[in-house]
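Quick notes on the structure that follows.
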Amino acid sequence: MTFSRADVTRAAGDGLLSFPVTDFDSDGQFDAESYRRRIAWLLEYEISTLFVAGGTGEFFNLGLEEFGEVVRVAVEETAGRVPVIASAGQSITMAKAHAAAAEAAGADGILLMPPYLTECSQEGIVEYAAEICNATSLNVIYYNRANGALEAQAVKALADRCPNLIGLKDGRGDIQSLNTTIKTVGDRLIYIGGVPTAEIFAEAYLSIGVNTYSSAVFNFVPEMAVHFYKSLRAGDHETVARLTSDFFIPFVELRDTCRGYAVSLVKAGAAQVGYPGGNVRAPLTMPNAEEVEKLKVLIERVR
């Protein structure tokens with residue numbers, strides 16, 4: 001780890017968060033040099049934390065060994081400029097292995113994904129997350145979504161048990177539930193907006209005290225993503241409304257034409273601005289030519 005727990009908490013809790021795609025070559029293998037160029041480029045812009053091998057980075061499609069390599073390359077290229085958070089998840093055994101690999105690679109924390117596939121009780125999810133938290137010295141942010149969604153009292157119980165749990169990332173977009181959690185748990189944790197294309201929820205998040213979110217579109221329109229975030233925080237409602245209307249609403253409409261496009265369109269967008277990262281891995285699929293043309297129009301509209 002490069003940063004202290006307090007440093008990571010401050011950085012991840014306030015500022016724009018980058019979630020880069022993971023670069024693959026023409027054979028579908030991790031392309032370290034292309035990934036280095038991507039990280040170097042994204043770090044030219046104003047972000048507070050780098051989340052690598054996350055949802056946008058196809059964590060679910062990475063083997064353990066290449067996961068460790070992705071994190072190592074990101075840590076090396078970042079060189080202490082901002083904290084680096086990697087992902088962990090699937091079974092308890094695998095999540096512990098991810099955490100160990102992330103720690104060995106020099107990451108400052110992990111984003112803990114929901115358990116794989118099975119339905120589970122609140123008590124079971126707390127046990128799952130607590131066992132992983134207690135197996136690592138890294139800072140942990142819990143990703144509250146899908147079959148791993150925790151309600152307010154369960155979040156509080158997990159925070160009480162695990163000193164290294166520093167944050168909760170919302171992946172549901174249920175503002176009522178999130179607000180209840182924030183009011184119940186308070187500033188013991190930081191809170192991060194994490195629905196796909198989180199900018200569309202940014203004003204609602206900010207209204208309940210969530211100051212930051214994961215920006216996937218930062219991968220291909222970083223200037224606009226930073227401008228949107230700064231406008232949001234400055235209370236520039238006119239700019240926020242214009243960019244939401246001109247870009248984010250039509251982008252979400254395009255994203256929703258096919259499952260998995262929250263990742264695939266981002267990778268296609270990166271290629272359009274000169275930073276190709278190869279195709280997504282199955283079961284995801286890349287957009288077709290007509291959809292790419294629509295994406296190009298949106299990019300040109302806000303660049």
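Here the structure is a predicted model, which means the values were calculated and not measured. Heads up: numbering here begins at 1 and tracks the sequence.
- Atom NZ of K296 is surrounded by 12 or fewer heavy atoms from other residues, nucleotides or ligands within 6.0 Å.
- Using a 4.5 Å heavy-atom threshold, the side chains of V210 and D170 count as separate.
- The ring pair (Phe, Tyr, Trp, His ring centres under 6.0 Å) search around Y191 returns none, not counting sequence neighbours.
- In terms of heavy-atom proximity, T181 sits nearest to A152 at OG1-CA, 3.5 Å.
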Taking distance alone, no hydrogens or angles, what donor-acceptor pairs closer than 3.5 Å link side-chain atoms of residues 15-26 to residues at least two apart or in another chain?
unit_1	atom_1	unit_2	atom_2	d
T22	OG1	G57	O	2.6
D23	OD1	R38	NE	2.7
D23	OD2	S34	OG	2.5
D23	OD2	R38	NE	3.4
D23	OD2	R38	NH2	2.7
D25	OD1	D27	N	2.9
D25	OD1	G28	N	3.0
D25	OD1	Q29	N	2.9

Discussion item. Walk me through whether E76 and R36 qualify under side-chain contact (heavy atoms from CB on, under 4.5 Å).
Written reply: CA-CA 9 Å; E76 288 179 356; R36 284 185 189 278; 2.6 Å; yes
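- Across every non-hydrogen atom of K169 and G194, the tightest pair is CE-CA, 3.4 Å.
- Using a 4.5 Å heavy-atom cutoff, the side chains of V221 and I299 are in contact.
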Item to complete: For F247 and F228, run ring-ring contact (aromatic ring centres under 6.0 Å, His included): C-alpha distance rounded to whole Å, both residues' side-chain angles, the deciding distance at 0.1 Å, then the answer.
Response: CA-CA 11 Å; F247 179 84; F228 180 91; 9.4 Å; no
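- For the pair C133 and C162, the tightest heavy-atom approach, listed with the atom from each and the gap, is CB-SG, 3.6 Å.
- Y205 and I249 fall within the same hydrophobic cluster, defined by Ile, Leu, Val, Met, Phe, Trp and Tyr side-chain heavy atoms under 4.5 Å apart, directly or through other members.
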Worksheet item: So D174 and L178, side-chain contact (heavy atoms from CB on, under 4.5 Å) or not? Walk me through it.
Response: CA-CA 6 Å; D174 184 339; L178 179 58; over 6 Å; no
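- The pair R161-E131 does not meet the salt-bridge criterion, since no charged nitrogen lies less than 4.0 angstrom from a carboxylate oxygen.
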Discussion item. Using the rule given for side chain to side chain donor-acceptor pair (under 3.5 Å), can you reason through E46 versus Y229, listing the C-alpha separation, both sets of side-chain angles and the distance that settles it, and then say yes or no?
Written reply: CA-CA 10 Å; E46 193 173 335; Y229 180 74; over 6 Å; no
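- V52 is connected to F3 through a chain of hydrophobic side-chain contacts under 4.5 Å among Ile, Leu, Val, Met, Phe, Trp and Tyr, so both are in one cluster.
- Contact of the I141 side chain with the L168 side chain is not registered, since no non-hydrogen atoms from C-beta on lie closer than 4.5 Å.
- We find the CG-OG1 distance between L50 and T78 to be 5.0 Å, quoted to the nearest 0.5 Å.
- Here S231 contributes atom OG and M224 contributes atom CE; the two are 10.5 Å apart, rounded to the nearest 0.5 Å.
- To the nearest 0.5 Å, the span separating CG on L243 from NE2 on H227 amounts to 5.5 Å.
- Of all the heavy atoms in C120 and N147, the pair that sits closest is SG-O, 3.4 Å.
- More than 12 heavy-atom neighbours from other residues, nucleotides or ligands sit within 6.0 angstrom of CZ on R242.
- Using a 30° and 60° split on the angle between ring planes, F220 and F251 fall in the tilted class, from 30° to 60°.
- Distance alone, capped at 3.5 Å, is enough to place a donor-acceptor pair between the T257 side chain and the L254 backbone.
- Between I125 and L158 the shortest side-chain heavy-atom distance does not fall below 4.5 Å.
- We find the CG-NE2 distance between L138 and H98 to be 13.5 Å, quoted to the nearest 0.5 Å.
- Shown here is E44, whose CD atom has more than 12 heavy atoms of other residues, nucleotides or ligands within 6.0 Å.
- A 6.0 Å sphere centred on OH of Y45 holds more than 12 heavy atoms belonging to other residues, nucleotides or ligands.
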Practice prompt. Decide side-chain contact (heavy atoms from CB on, under 4.5 Å) for Y213 and L232; before the verdict, give the C-alpha distance in whole Å, the side-chain angles of both, and the deciding distance to 0.1 Å.
Written response: CA-CA 12 Å; Y213 51 82; L232 174 76; 4.0 Å; yes
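- Checked by atom type, the side-chain pair S177/E151 shows a donor-acceptor distance below 3.5 Å.
- Clustering ILVMFWY residues whenever any of their side-chain heavy atoms sit less than 4.5 angstrom apart, transitively, puts L265 in a cluster other than the one holding M286.
- Residue D7 holds its CG atom at 9.0 Å from CG of D108, rounded to the nearest 0.5 Å.
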Practice prompt. Assess whether side-chain contact (heavy atoms from CB on, under 4.5 Å) is satisfied between L165 and V140, documenting all intermediate values.
Written response: CA-CA 5 Å; L165 181 73; V140 179; 4.0 Å; yes
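- The hydrophobic clustering, which links ILVMFWY residues whose side-chain heavy atoms are closer than 4.5 Å, places V70 and Y143 together.
- Note that CZ of R255 is 10.5 Å distant from CD of E253, once rounded to the nearest 0.5 Å.
- When side chains are defined from C-beta on, T49 does not count as touching V82, because their heavy atoms never get closer than 4.5 Å.
- Between T244 and E199, the side chains place no donor N or O within less than 3.5 Å of an acceptor N or O (distance only, hydrogens not considered).
- V263 and L62 fall into different hydrophobic clusters, where Ile, Leu, Val, Met, Phe, Trp and Tyr are joined by side-chain heavy atoms under 4.5 Å apart, directly or via other members.
- Salt bridge annotation for D160-R188: absent, with no cationic side-chain nitrogen under 4.0 angstrom from a carboxylate oxygen.
- Distance alone, capped at 3.5 Å, places no donor-acceptor pair between the Y142 side chain and the A159 backbone.
- Salt-bridge annotation for K294 and E291: absent, with no side-chain N of the basic residue lying under 4.0 Å from a carboxylate O of the acidic one.
- Evaluation of the ring pair (Phe, Tyr, Trp, His ring centres under 6.0 Å) rule for F60 yields no partner, not counting sequence neighbours.
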